[in-house]
Amino acid sequence: MSEQSKYPVNLLDTPFPMRGDLAKREPAFLARWDSQKLYERVRAASAGRPKFILHDGPPYANGDIHIGHAVNKVLKDIIVKSKTLAGFDAPYVPGWDCHGLPIEHQIEKLVKGDKKSIEAAPAIHAKIVAFRKENGLDEKAIHLPADFIRTLCREFAEIQIERQKKDFIRLGIIGDWQHPYKTMAFDTEANIIRTLGEAHRNGYLVKGQKPVHWCVDCGSSLAEAEVEYEDKNSPAIDVAFPVKDSTALAAAFGLPAEQLAGVPAFAVIWTTTPWTLPANRAVCVHPELTYDLIETPKGLLILVRELAEAAIKRYGFESVEVIAQAHGSKLEKLALQHPFYDRESPIILGNHVTTEAGTGLVHTAPAHGLDDWLVGQHYGLSNDNPVGNDGRFLADVELFAGKTVWEANPLVLEALAGSELLLASVRLNHSYPHCWRHKTPIIFRATAQWFIAMEKPGHAGVSLRSVAQAAVDTTEFFPDWGRPRLESMINNRPDWCVSRQRNWGTPMTFFVHKLTGELHPHSLELLEQVAQKVEQQGINAWFLLDPAELLGAEAADYDKLKDTLDVWFDSGSTHFAVLKQRPELAWPADLYLEGSDQHRGWFQSSLLTGCATTGRAPYKQLLTHGFTVDGKGEKMSKSKGNVVAPQKVIDQMGADMLRLWAASTDYSGEMSISDEILKRVADSYRRIRNTLRFLLANLSDFDAARDALPVERMLTLDRYALVMAQSFQQAVTAEYERYSFHTAMQTVHHYCADDLGGFYLDILKDRLYTTAADSHARRSAQTALYHITRSLALLLTPVLSFTSDEVWTTLAGHGEDNPLLHGWHAIPQPADGAQLAADWAGVREVVALAKKEMEVLREAGTIGSSLQAELRITADERLYPLLAALGDDLKYVLIVSKLTLAAGATTQVSVAPAAGAKCERCWHYRADVGSHADHTGLCPRCISNLFAAGEVRSHA
């Protein structure tokens with residue numbers, strides 16, 4: 001018979017395995033949550049509580065989820081679960097953004113027979129083939145009816161949603177996955193239309209001819225959030241605009257008229273978009289800058305003082321002389337000749353002119369730039385646009401008819417060179433707006449569009465900008481830097497162009513008078529009638545509508561708008577279309593949470609639609625997380641080979657590992673992820689899991705209903721452990737409340753490593769293993785461990801959702817319960833908790849000092865484990881009473897075999913190897929080991945614990 005079986009210790013096992021094996025085991029948890037209808041049970045358990053609403057910013061229904069999607073959804077899930085455990089009713093309704101060009105573009109590729117697209121969506125392609133056959137169309141026909149295209153777009157979006165939903169659920173995200181919201185749902189489309197109607201009712205919807213970002217590949221205007229800036233190589237040219245009136249020029253510079261008579265003079269502009277010169281209507285100078293009139297071999301040149309020297313050098317002039325100077329305000333209305341058209345381009349004033357580059361004189365084409373348009377409005381300049389939707393010059397544009405804007409660039413240079421007005425031409429790499437879909441350069445062009453006006457007073461006489469600024473002031477931001485970022489964007493943004501010229505989108509359901517261009521006088525009533533139809537039939541109800549059905553004879557005088565809404569208006573309207581319509585939700589939302597790019601996207605579009613319809617933001621708080629980057633801090637890209645796919649991480653390591661990484665990373669900046677980082681996360685997870693396994697193993701024979709002790713009967717150390725656990729729980733829940741998840745995880749790791757592993761559990765092992773199984777001392781320890789385990793499992797639930805459920809199941813012995821059906825654990829507290837915390841803080845000072853001294857002997861090889869040591873402690877007047885109060889139990893706190901305590905002026909610890917023999921059962925060294933004839937390998941304490949009444953402890 002082995003000594004272990006002869007003299008057993010309470011070394012118990014647990015079904016909670018050492019290895020999590022998360023990747024293989026997590027799907028079983030998901031299946032159980034689904035079969036048990038966990039989300040519905042949580043909703044029922046939360047009924048009547050105060051609500052907390054996190055409104056889901058809808059991902060776009062196209063393509064598999066990436067690591068950024070995973071981070072976003074995990075952070076949301078952490079909040080929803082922590083709020084549920086904190087006592088809120090926190091429903092989570094996931095959503096998808098479904099309309100827009102990317103899906104329409106995918107259908108176009110299928111229609112055109114793109115092989116990769118067909119492989120990805122064979123069922124939809126089969127429908128296209130069948131449609132052509134049924135309707136007698138050529139098998140390669142690409143001009144299919146718009147309503148059929150919209151039907152295909154809807155089906156494609158549904159397929160994408162199901163793919164993404166599967167991955168989100170695999171992440172352990174709890175939500176109403178059976179009833180998500182979709183912007184393409186008929187009722188949602190109808191309510192988006194109603195949101196537009198409310199913006200119109202409040203006076204913020206206007207029609208205008210303004211320059212907008214325009215993608216010639218999309219054939220549509222782009223929202224600000226759809227524009228990316230990339231480097232582009234462009235011609236940078238200096239162009240001389242001839243001055244028409246030398247007398248006026250002399251007067252502007254304070255010179256005698258005869259001095260300049262007959263002398264050629266030019267105002268010089270610099271531009272990187274030569275193709276915009278056909279639309280030039282003026283040259284702009286800053287009223288407060290100083291301009292030089294310079295005599296050169298070319299004639300007199302007007303240049304701003306700060307840039308004149310560099311410009312003259314570009315032109316290759318060596319001998320020049322400044323003959324006069326004048327403020328820009330003196331040059332206003334000086335007549336210039338357009339460089340290649342027979343029309344005048346006067347000098348005008350504008351504060352947007354800078355001295356950063358060029359000449360200090362800005363070529364002004366109101367059809368091709370917002371600053372140009374604004375200053376052109378002030379001066380009454382024409383904003384006629386010579387460029388069509390396809391990016392080609394219109395047929396009546398002299399010199400450039402039918403040419404694309406890019407083809408026009410060299411032709412402009414040729415025309416300028418022919419008239420000797422091209423002073424310099426170089427190639428320049430500069431940041432230029434590109435379409436986020438096509439990655440191609442876009443243009444600014446004036447088109448007839450519909451706008452949400454930022455400056456026009458609304459129904460209450462207040463501009464939308466003012467309302468939005470006030471709304472930002474009342475919003476709480478996490479992190480704080482989100483506030484100035486959104487403020488700046490609201491302060492500086494132009495009117496919001498909400499109209500698009502596409503098929504797959506929510507229609508702008510208005511009738512416009514054919515002659516006046518005015519909306520029908522009963523637009524709002526008509527809009528509601530259309531919304532009701534859309535609610536039943538979807539957006540095709542509008543596109544296929546015969547206007548006479550609603551207008552009767554008036555239909556002859558009105559056009560039905562064909563424009564669709566900017567998709568950002570779609571998603572930005574979901575606070576009304578979803579939050580106000582679903583009974584389990586509430587408006588405004590408590591929190592919106594998205595990536596930092598959404599200050600210019602969803603955060604802003606939601607704010608503006610909220611302010612335009614209700615006068616306030618649709619959210620109380622905004623939380624922003626950074627982008628994911630690789631371990632070197634570099635942006636992820638397939639070409640670099642540094643993309644981390646969430647699906648791969650889950651398949652290899654499990655979703656809880658990905659969740660722990662997301663929670664442990666400071667989301668306020670860039671979030672780095674790599675194989676090496678995930679290995680460190682795995683190590684961290686193992687330490688947490690080992691702690692949980694130790695706790696569960698030592699509770700294997702503990703029934704709380706039968707064995708738990710009231711707190712006043714527990715040993716001193718165990719009561720202190722409850723105080724520590726309560727302090728820990730308060731710290732973690734406070735960090736959850738502040739959305740500071742990485743500090744919450746730091747607190748968890750510190751608690752597991754120091755307060756538990758490095759202190760309490762280390763001390764407890766002797767009592768747990770060696771005292772009688774049902775002794776008061778052991779049950780006291782188990783009572784503390786029970787409360788610690790429940791608290792820790794609940795605190796980990798928002799992050800390690802699978803693991804915490806596994807802990808809960810192990811504790812309960814079955815899987816019918818779930819942590820989310822509970823609140824934060826009510827840890828019983830001793831009446832003298834504050835004093836215990838203070839006293840044990842002093843004790844732990846001595847423990848730390850003793851460990852330091854023992855480590856010296858351990859490194860020297862004098863002792864191995866701490867039980868091979870005996871200590872002599874001299875304690876000062878502050879610490880001596882605390883240590884003395886522990887009596888004989890002090891040696892168990894210090895985990896040594898023998899201890900002598902004395903009072904002294906200072907606190908000191910001396911260490912020596914323990915004398916005596918080692919007990920085969922408890923491993924303590926004692927002089928009396930073997931003193932009992934029948935149990936020669938045991939100490940009297942173990943003999944008593946095994947065969948008699950057992951030892952009595954009061955403290956540790």
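Residue numbers run from 1 in the order of the sequence given.
A salt bridge is absent between Asp563 and Arg500; no separation between the charged side-chain nitrogens and carboxylate oxygens falls under 4.0 Å.
There is a side-chain donor-acceptor pair under 3.5 Å between Ser499 and Gln449. A donor atom on one side chain and an acceptor atom on the other are not found under 3.5 Å apart for Glu634 and Asn642.
With Phe400 as reference, Phe340 is the one residue of Phe340, Trp275, Trp406 to meet the ring pair (Phe, Tyr, Trp, His ring centres under 6.0 Å) rule.
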### Task
Apply ring-ring contact (aromatic ring centres under 6.0 Å, His included) to Trp270 and His363, showing your working.
CA-CA 7 Å; Trp270 177 84; His363 141 58; over 10 Å; no

### Message
Apply ring-ring contact (aromatic ring centres under 6.0 Å, His included) to residues Trp496 and Phe569 and explain how you reach the verdict.
### Response
CA-CA 10 Å; Trp496 178 9; Phe569 193 96; 5.6 Å; yes

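Counting only residues at least two apart or on different chains, no salt bridge (charged side-chain N to carboxylate O under 4.0 Å, His left out) pair has a member in residues 291-304.
Atom NZ of Lys640 has more than 12 neighbouring heavy atoms from other residues, nucleotides or ligands inside a 6.0 Å radius.
Within the model, atoms SG of Cys215 and NE2 of His213 stand 12.0 Å from one another, a figure rounded to the nearest 0.5 Å. A distance of 10.0 Å separates CE of Met454 from CG of Asn492, quoted to the nearest 0.5 Å. A distance of 14.5 Å separates OH of Tyr291 from CG of Leu301, quoted to the nearest 0.5 Å.
Using a 4.5 Å heavy-atom threshold, the side chains of Thr624 and Glu594 count as separate.
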